[in-house]
Amino acid sequence: MPSRSAVLRLLTGLAVIAAILLLTLVAWWSTLPLRDAVIERAHRETQLEALSLSEQLSAVARSAISSLNAITQSVQERGGPRQLPTAALRAELQREAGDEVGTQAMFVVDADGKVVASVGLPESHEGRSLLDRPTIAYHFQHPTEVALHVGRAHYSELTGGWILPISRIIASPEGKMLGVVSVAINLSHMRELYEQMENLREASLSIIGRNGEIIFRYPFVERAVGFKLPGGRSFSEGTGTYEAASPIDGITRILSYRQLDDLDAVMLVGFPRDQVLAAWRDVARERMVWTASSLSLLALLCGGAWLAWHRQRRQLRMITMDHATRERELREEAQTIERFSVALSQSVSEPLSHLRGLLQTDVGGAATDAPTGARRDVLASTIRMEALAKDLRALALARDKPIKREDLDLSSLAHAVARSQQAADPGRTVEFRIQAQMYTTADAQLLKLVLTSLVGNAWKFTRDCPHPVITVGAHTGLNETTFCVRDNGPGFDPADARSLFKPFHRLSNAASFEGHGIGLTTAKRIVERHGGRIWAEGGKDHGAAFFFTLQPALSISSSSYQAARRELQNLG
């Protein structure tokens with residue numbers, strides 16, 4: 001019969017084992033909030049991935065649709081695709097298609113379904129019938145439907161990559177179909193961008209039509225394209241997150257979708273739920289093993305670490321709140337000063353205008369062109385104050401006016417600004433070199449302020465040049481269009497380039513030129529509100545050039561672009 005001490009030791013051992021098992025179970029239970037946090041973080045990640053990819057594809061689609069509409073309108077105005085020489089139509093397609101990263105191919109077919117001209121396709125296809133293509137066949141089956149048609153994505157042997165076809169008909173004024181214009185968006189490029197992103201796990205990317213039909217899926221599954229999601233899944237709300245088992249491969253995923261601008265489709269990104277929870281399972285397993293082997297030490301270390309973390313976080317929160325309060329107060333003070341300066345400029349504009357009129361009128365009431373003495377000095381000061389009030393109002397307009405984007409002919413706008421400068425100073429002769437066919441999407445009133453500031457700056461600083469030249473041009477790069485206003489004036493020290501856009505900042509060589517240092521600040525504020533950027537380049541006695549963009553650049557890395565080019569060459 002066991003002794004009493006042995007029984008006690010046995011009971012104590014059992015109690016310790018029970019306590020360790022119980023606390024190990026508590027340790028596992030304590031990881032459940034971590035699991036919820038991991039799932040919530042995965043929801044946010046899929047939302048961010050869907051947002052990023054949808055913006056990338058929407059930007060490419062928006063550019064492609066703009067080119068498609070431009071070609072359609074141009075061909076319709078000329079009576080149809082057969083009314084233009086093939087070479088001229090091909091050149092127009094080349095100009096509208098732009099780079100080959102977003103737009104893979106673009107072509108026009110006539111009323112018989114034959115290719116008239118193309119870009120991105122072999123020239124041998126010109127004259128070939130494409131009625132066997134689903135995209136072209138759709139329009140010939142619906143000859144009165146003028147809306148854009150988005151076809152199913154497929155791998156094109158002609159272009160050597162995955163493409164998404166978008167097309168529309170060319171119609172006569174009577175509504176008769178004269179042909180079809182089609183553009184192929186490069187989805188292989190989207191796949192490259194997708195693979196460059198971080199934390200993708202084994203994600204899936206799909207483009208889903210509003211009716212639930214799969215237009216494109218990566219990784220590719222042969223039966224996926226054209227598959228309609230069961231259960232009447234609707235994406236009418238535009239954006240959202242949910243969990244579901246895929247009818248394609250049976251994997252349960254955390255899915256987020258987002259509406260694609262200008263396309264009747266959504267971008268769907270999914271992470272496998274099992275892979276999302278894999279990290280949590282590892283943490284739970286390690287915590288249970290660690291708790292069972294070193295429970296007391298773990299509790300002591302965790303308690304001390306939590307106290308230190310909590311104290312540090314509380315101190316950091318107090319510091320952050322203090323900084324945020326101070327920053328808000330400084331911002332409010334700056335806004336109050338700016339509003340006061342604008343209100344003051346508006347209040348003095350009318351009295352200054354009246355005073356200038358009196359100073360420009362002689363005693364008998366007739367206008368005089370040559371005031372003298374103190375009267376001339378007062379008149380000059382009055383004109384400078386009026387200009388300052390005007391600049392302050394423009395600065396307020398650049399800050400407060402809601403941006404209303406529209407398609408603009410920047411060349412015509414630049415010519416209008418040039419004529420205005422010439423009319424204000426008819427005694428000068430300046431050569432303007434304005435590039436033709438510069439187009440952009442921006443707020444017309446604000447963009448005119450930008451051009452007025454930059455062209456006016458060039459007009460002012462070329463005053464002493466024997467042959468002043470002002471150039472307005474644009475350069476379309478891989479992922480953005482850069483506009484430029486250049487002059488052959490005295491230029492500036494490159495070290496002062498960053499200071500040019502500061503309010504009321506003037507260069508050392510600007511003392512003999514009129515101005516208040518507000519125009520470039522106004523231009524910078526307008527460009528940044530459009531999502532673009534502005535900078536200056538120049539040198540002493542080498543003129544000055546001001547560059548600006550009006551929309552954010554696409555996130556296309558050089559390595560991704562080179563990889564896409566290599567893949568296309570290998571496939572070709």
Side-chain angles (χ1 to χ4, degrees), residues 59-60 62-71 73-74 91-103 106 119 398 403 405-421 430-459 461-462 468-489 497 500-501 519-520 522-538 542-556 561:
V60 174
R62 191 180 303 111
S63 175
I65 291 173
S66 176
S67 301
L68 188 73
N69 291 337
I71 290 295
Q73 181 179 357
S74 176
E92 192 165 349
L93 287 173
Q94 182 66 49
R95 184 174 63 254
E96 291 294 339
D99 61 79
E100 298 180 357
V101 177
T103 301
M106 195 173 184
V119 172
I403 293 180
R405 288 184 179 267
E406 56 182 304
D407 294 335
L408 299 175
D409 184 345
L410 192 140
S411 299
S412 299
L413 198 59
H415 279 292
V417 172
R419 289 193 297 270
S420 176
Q421 290 290 340
V430 176
E431 179 183 354
F432 280 93
R433 299 174 183 175
I434 299 176
Q435 180 178 329
Q437 297 181 346
M438 293 187 294
Y439 303 102
T440 188
T441 301
D443 186 289
Q445 185 178 8
L446 295 181
L447 182 57
K448 186 175 182 181
L449 283 178
V450 173
L451 288 178
T452 300
S453 174
L454 298 182
V455 173
N457 203 58
W459 178 279
F461 282 94
T462 55
V469 178
I470 298 176
T471 304
V472 181
H475 171 70
T476 301
L478 176 64
N479 57 356
E480 65 181 352
T481 298
T482 303
F483 301 97
C484 175
V485 178
R486 187 185 302 273
D487 65 68
N488 62 341
L500 289 174
F501 302 97
L520 293 180
T522 302
K524 181 175 184 292
R525 180 172 292 179
I526 293 173
V527 168
E528 290 179 347
R529 287 191 65 200
H530 279 77
R533 52 199 175 90
I534 185 170
W535 68 97
E537 295 179 2
H542 289 84
F546 290 85
F547 302 87
F548 65 94
T549 64
L550 291 171
Q551 60 184 10
L554 295 176
S555 300
I556 302 176
Y561 173 70

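Only heavy atoms go into these numbers, but all of them, side chains included; no hydrogens, no water, no symmetry mates.
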### Task
Decide side chain to side chain contact (heavy atoms under 4.5 Å, CB included) for V417 and F432; before the verdict, give the C-alpha distance in whole Å, the side-chain angles of both, and the deciding distance to 0.1 Å.
CA-CA 11 Å; V417 172; F432 280 93; over 6 Å; no

### Message
Taking the side chain as everything from C-beta on, heavy atoms only, tell me whether L520 gets closer than 4.5 Å to L454.
### Response
yes

### Nearest non-hydrogen partners of M438 and I434, listed with the distance
CE-CG2, 4.2 Å

### Query
Going by heavy atoms in the side chains, are F547 and R486 under 4.5 Å from each other?
yes

### Summary
Residues A474 and T481: closest non-hydrogen pair is CB-CG2, 4.4 Å

### Task
Report yes if some heavy atom in the side chain of L451 is under 4.5 Å from a heavy atom in the side chain of L410; otherwise report no.
yes

### Query
Could you state the interatomic distance from OG1 (T441) to CG (L408), rounded to the nearest 0.5 Å?
7.0 Å

### Query
Considering all heavy atoms of both residues, which atom of I470 and which atom of W459 are nearest to each other, and what is their separation?
CD1-N, 3.6 Å

### Query
Parallel, tilted or perpendicular: which describes the rings of F546 and F501, with under 30° parallel and over 60° perpendicular?
perpendicular

### Nearest-0.5 Å distance, CZ of residue R529 to CG of residue L446
6.5 Å

### Query
Counting N and O atoms only, with roles assigned by atom type, does the side chain of T549 sit under 3.5 Å from a partner on the main chain of T482, one being a donor and the other an acceptor?
no

### Query
Just how far is it from atom CD1 of I526 to atom CG of D443, taken to the nearest 0.5 Å?
8.5 Å

### Query
Rounded to the nearest 0.5 Å, what separation is found between the OH atom of Y439 and the OG atom of S412?
7.5 Å

### Query
If every non-hydrogen atom of H530 is compared with every non-hydrogen atom of P552, which pair is closest and at what distance?
O-CD, 4.2 Å

### Summary
Value for OG (S74) from CD (E92), rounded to nearest 0.5 Å, stands at 3.5 Å

### Message
Nearest 0.5 angstrom please: S63 OG to L68 CG, how far?
### Response
11.0 Å

#### Entry: Exercise: identify the closest heavy-atom pair between G456 and Q421
CA-NE2, 3.4 Å

### Message
With a sphere of 6.0 Å drawn around CD of Q551, does it hold more than 12 non-hydrogen atoms of other residues, nucleotides or ligands?
### Response
no

### Minimum-distance pair of heavy atoms, taken over all atoms of L550 and A442
CD1-CB, 4.1 Å

